Amino acid sequence: MQIAVSGGKGGTGKSTIAINLAIALRNYFDLTLADLDVEAPNDHILLGIELQNEEPVELFMPRFDYSKCIKCRRCAEVCEEHAIITMRDGTPFLMPTLCSGCGACRIVCPVEGAILEGKKLMGHTYLTETPYGFQLVTGKLLEGEERAMPIVVAAKERAKALNKELLIVDTAAGTSNTVSKALEDSQLIIAVTEPTPLGLHDLELILKLADIMGIEAWVVINRSDLGKKEDVKELARRYNARITAEIPYSENIIKSYVEGRPIVLSDCGEAEIFRKLAEEVVSYLR
Ligand code: SF4
Ligand code: SF4
């Protein structure tokens, strides 16, 4: 089974919901949490742990053997990313930052061995034991790299390979193709929002995406007392999405960040909200 914690807008507290929900759900399922917000993963920070078991994520990158190249320019012509430029005499040169690793240049090259297999490091995945009885898989894109998809795919595969009863994915903000990839195979999307005009706008995008992908969506309103939550409720109604939790702005939650101790482990009212949300997820999945 797989559920996703997502949200159109960054900074809504998506990761806070993901880690606290994972801790609450560990009492019901053998689970893995996957942080697929690969440009800025922070579940490990909120869990107060250091990332471990690093594995590189590499892509194919062409290397030219100029002793064999006949300067026919076909590699440059086929490259949709315009990552290969040719000199006046047809000698090809690669601009590595533009290369997507598709391999088309190697396929069309008429000379065997003129294009060799090079590797480009895109980022890493990590597998970290948490003190809460589940493992965290994290994808992290290399700084300066723009192509997040290979990291999302690699991290998700690493998490799935653990073969646990439940996979919880924490996606990036927005509705890009990497978010869709992270959401794929989910039975439920928990869309986290806040009752502001921007939060509302981005919530609509994620609810539309859930609708297109045919996935049940629930809405969690974070900092629910800091805006017009009636508007969120109206929007959720339009998309048949249930409001499953309202979390008020809370000093306790801020304190839990500072102390590196997830709020769900305490006895306050906010912790109870997460425990109730977990119970709703359990009844939905079982
Ligand atoms: S691997 Fe693809 S993107 Fe990279 S240079 Fe070759 S054709 Fe272009
Ligand atoms: S397709 Fe092969 S032979 Fe032609 S220019 Fe590119 S590397 Fe050289």
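All residue numbers refer to positions in the sequence shown, counting from 1. FYI, side chains are in, hydrogens and waters are out, and symmetry mates aren't considered; it's all heavy atoms of this structure. What you see is a predicted model, and the numbers here were worked out from it, not measured in a lab. Ligands are counted one by one from 1 in listed order, and the atoms in each one are counted from 1 as well.
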Query - atom 6 (Fe) of ligand 1 [closest protein heavy-atom partner, distance rounded to 0.1 Å] - result: Cys105 SG, 2.3 Å
Query raised in the report: Can you find a side-chain donor-acceptor pair between Gln52 and Thr128 that sits under 3.5 Å?
Result: no
Query - Distance under 6.0 Å and angle within 45° of ring axis: Arg158 vs Tyr126 - result: no
Report task. Just jot down the ligand 1 atoms closer than 4.0 angstrom to any heavy atom of Leu94, in number order. Result -> 5 (S)
Requested in this report: Could you tell me whether Glu112 atom CD has more than 12 heavy atoms of other residues or ligands within 6.0 Å of it?
Outcome: no
Query raised in the report: Within less than 4.0 angstrom of ligand 1, does Ile84 place any heavy atom?
Result: yes
**Report entry** Number of protein N/O/S atoms that sit closer than 2.8 Å to atom 8 (Fe) of ligand 2
**Finding:** 1
Query raised in the report: Against heavy atoms of Glu81, which atoms of ligand 1 measure under 4.0 Å?
Result: 3 (S)
Query raised in the report: For atom NZ of Lys120, is the number of surrounding heavy atoms from other residues, nucleotides or ligands below 6.0 Å larger than 12?
Result: yes
Requested in this report: May I ask you to list the atoms of ligand 1 that are less than 4.0 angstrom from any heavy atom of Ser100?
Outcome: 3 (S), 4 (Fe)
**Report entry** Distance-only donor-acceptor check, side chains Tyr284 and Gln187, under 3.5 Å
**Finding:** no
Under 3.5 Å, sequence neighbours excluded: what are the donor-acceptor pairs made by side chains of residues 60-70?
unit_1	atom_1	unit_2	atom_2	d
Asp65	OD1	Ser67	N	3.0
Asp65	OD1	Ser67	OG	2.5
Tyr66	OH	Pro92	O	2.5

**Report entry** Stepwise side-chain contact (heavy atoms from CB on, under 4.5 Å) check, Phe93 with Thr86
**Finding:** CA-CA 6 Å; Phe93 280 101; Thr86 52; over 6 Å; no
**Report entry** Heavy-atom nearest option to atom 4 (Fe) of ligand 1, drawn from Cys102, Cys99, Cys79
**Finding:** Cys99
Requested in this report: In sequence, state the C-alpha distance, the side-chain angles, and the governing distance for Val179 and Asn177, and then conclude on side-chain contact (heavy atoms from CB on, under 4.5 Å).
Outcome: CA-CA 5 Å; Val179 173; Asn177 57 350; over 6 Å; no
Report task. For the pair Glu77 and Arg74, find out whether any cationic side-chain nitrogen is under 4.0 Å from an anionic carboxylate oxygen. Result -> no
Requested in this report: Mark up the atoms of ligand 1 that fall under 4.0 Å of a heavy atom belonging to Gly103, in ascending order.
Outcome: 1 (S), 2 (Fe)
